[in-house]
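One structure is given below, encoded as structure tokens.
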Amino acid sequence: MLIFDADDTLWENNVIFERVIDEFLEWMTHPELDRAGVRAVLDGIEAANALTLGYGSKVFLHSLGECVARLRGRAATAEESARIAGWAEAFAGDRVELIPGVAETLAELARRHELLLLTKGDTEEQQRKVTASGLTRHFREVHIVAEKNAATYEELVRAYDLVPGSTWMIGNSPKSDILPARSAGLNAVFIPHDHTWVLEHDELDPADEKVLRLPAFGELLHHF
């Protein structure tokens, strides 16, 4: 069984958030903080909100508004709120940009193995992206969850009667894909992405032989 992450593993995602953040940092000047300082404040707000509100563009836009309020020492004005709301357009639409090699690689892997899709975030938003990807037919099931931790993977093991030693989690996030899967006894494939969200970064054990590191998605065909 091969379990796949979605955002920034199958299709581009965080680069869209980063484009909006670049515009936000250009706009949100502060008398004492430079761009890096403002970004650090935003990262802290996002980390806190992820724990209580979850993930996705709606939570992200909420975090931008909270960042404005914190930096300005007051609630966002109607004009500021309208500007933030305008960034919602960046996440709208019914198209996703597949990462090179994904479509053909999944098609071949689906002929050889059983595949599951496991993604976290807002259910409606993630389902829209899954549908837009055109990849659903390759997966036995699609799971959209609020969080990806060891308990999430353990539940999949129970639900599908998986053998952990022959099950692989494939993704770009050390925090959500690799480390919790390994904690649940699964093998993992780490495919780094240049724009992985900073809050998904974490250290991997270089001596862990159960983690396969690949430079590109298409390389999976040489191992599975």
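Quick caveat: nothing in here was measured; it's all calculated off a predicted structure.
- Put simply, Ile170 and Leu10 are part of the same group of oily side chains (I, L, V, M, F, W, Y) that touch within less than 4.5 Å, one to the next.
- For the side chain to side chain donor-acceptor pair (under 3.5 Å) condition, the pairs that include at least one residue of residues 176-187, sequence neighbours left out, are Lys120-Ser176, Lys148-Asp177, Ser176-Glu200, Arg182-Asp208.
- Between Met28 and Val68, the closest heavy-atom pair is CE-CG2, 3.5 Å.
- Annotation: side chain of Asn13 is in contact with side chain of Lys129 (closest heavy-atom distance under 4.5 Å).
- Leu156 CG to Thr167 OG1: the interatomic distance, rounded to the nearest 0.5 Å, is 9.5 Å.
- Closest of all the heavy-atom pairs between Gly185 and Pro164 is O-CB, 3.4 Å.
- Taking 4.5 Å as the limit, some side-chain heavy atom of Phe139 sits within range of a side-chain heavy atom of Leu106.
- Trp27 and Leu25 fall within a single hydrophobic cluster, where Ile, Leu, Val, Met, Phe, Trp and Tyr are joined by side-chain heavy atoms under 4.5 Å apart, directly or via other members.
- Trp87 meets the side chain to side chain donor-acceptor pair (under 3.5 Å) test with Glu23; sequence neighbours excluded.
- Hydrophobic clustering, with ILVMFWY side chains joined whenever heavy atoms are under 4.5 angstrom apart, keeps Trp11 apart from Val15.
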Run the side chain to side chain contact (heavy atoms under 4.5 Å, CB included) test on Val20 and Leu64 for me, step by step, so that the C-alpha distance in whole Å, both residues' side-chain angles and the decisive distance to 0.1 Å come before the verdict. CA-CA 10 Å; Val20 172; Leu64 293 184; 4.2 Å; yes
Let me check something: any side-chain donor-acceptor pairs from residues 214-224 under 3.5 Å, sequence neighbours excluded? List them with distances.
none

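- How far CD1 of Ile84 is from CG of Leu61: 8.0 Å, rounded to the nearest 0.5 Å.
- Looking only at side-chain heavy atoms (C-beta outward), Glu46 and Trp197 come within less than 4.5 Å of each other.
- Of all non-hydrogen atoms in Pro174 and Asn172, the two that sit nearest each other are CD-O, 3.3 Å.
- Residues Gln126 and Asp7 approach most closely at NE2-OD2, 3.2 Å, considering heavy atoms.
- With Leu2 as the partner, the side chain to side chain contact (heavy atoms under 4.5 Å, CB included) test is satisfied by one option alone out of Leu116, Leu109, Leu117: Leu109.
- Considering CZ of Arg111 and NE2 of His138, their distance stands at 8.5 Å, rounded to 0.5 Å.
- A search for side chain to side chain donor-acceptor pair (under 3.5 Å) contacts involving Glu104 returns nothing, not counting sequence neighbours.
- Nearest heavy-atom pair, Tyr55 versus Ala50, reported as atom, atom and distance to 0.1 Å: CE2-CB, 3.7 Å.
- Side-chain contact annotation: Thr196 with Asp8, donor-acceptor N/O pair under 3.5 Å absent.
- Rounding to the nearest 0.5 Å places OG of Ser133 at 11.0 Å from CZ of Arg128.
- Looking at heavy atoms from C-beta onward, Leu135 lies in side-chain contact with Leu98 at the 4.5 angstrom threshold.
- Looking at Asn14, its side chain never comes within 3.5 Å of a backbone N or O of Phe17 through a donor-acceptor pair.
- A heavy-atom distance below 4.5 Å is not found between the side chains of Val38 and Leu42.
- Taken together through direct or relayed side-chain contacts under 4.5 Å among Ile, Leu, Val, Met, Phe, Trp and Tyr, Ile21 and Ile16 form part of one hydrophobic cluster.
- Every residue meeting the salt bridge (charged side-chain N to carboxylate O under 4.0 Å, His left out) condition with Glu18, not counting sequence neighbours, appears here in chain and number order: Arg39.
- Note that the CE atom of Met169 and the CE atom of Met1 stand 12.5 Å from one another [nearest 0.5 Å].
- Side-chain heavy atoms closer than 4.5 Å link hydrophobic residues (I, L, V, M, F, W, Y) into clusters, and following such links, even through other members, never connects Leu186 to Phe4.
- Glu154 and Ala184 make their closest contact through CG-CB, 3.8 Å (heavy atoms, listed as atom of the first residue, atom of the second, distance).
- At least one side-chain heavy atom of Trp168 sits less than 4.5 Å from a side-chain heavy atom of Leu212.
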For Glu114 and Tyr160: C-alpha separation, side-chain torsions, deciding distance, then whether side chain to side chain contact (heavy atoms under 4.5 Å, CB included) applies. CA-CA 11 Å; Glu114 278 198 295; Tyr160 292 96; over 6 Å; no
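- Rounding to the nearest 0.5 angstrom, the gap separating the CD1 atom in Ile191 from the OG atom in Ser173 is 13.0 Å.
- By the 4.5 Å heavy-atom criterion applied to side chains, Glu12 and Ile99 are counted as neighbours.
- Annotation: Arg112, atom CZ; neighbour count of heavy atoms from other residues, nucleotides and ligands within 6.0 Å is above 12.
- Classification of Asp22 and Arg35 as a salt-bridged pair holds, one side-chain N sitting under 4.0 Å from a carboxylate O.
- Formation of a donor-acceptor pair under 3.5 Å by the Glu66 side chain with backbone atoms of Ile45 is not found in this model.
- Scanning for salt bridge (charged side-chain N to carboxylate O under 4.0 Å, His left out) contacts around Glu155 gives Arg158, with sequence neighbours left out.
- In this structure the side chain of Lys58 never reaches within 4.5 angstrom of the side chain of Phe91, judged on heavy atoms.
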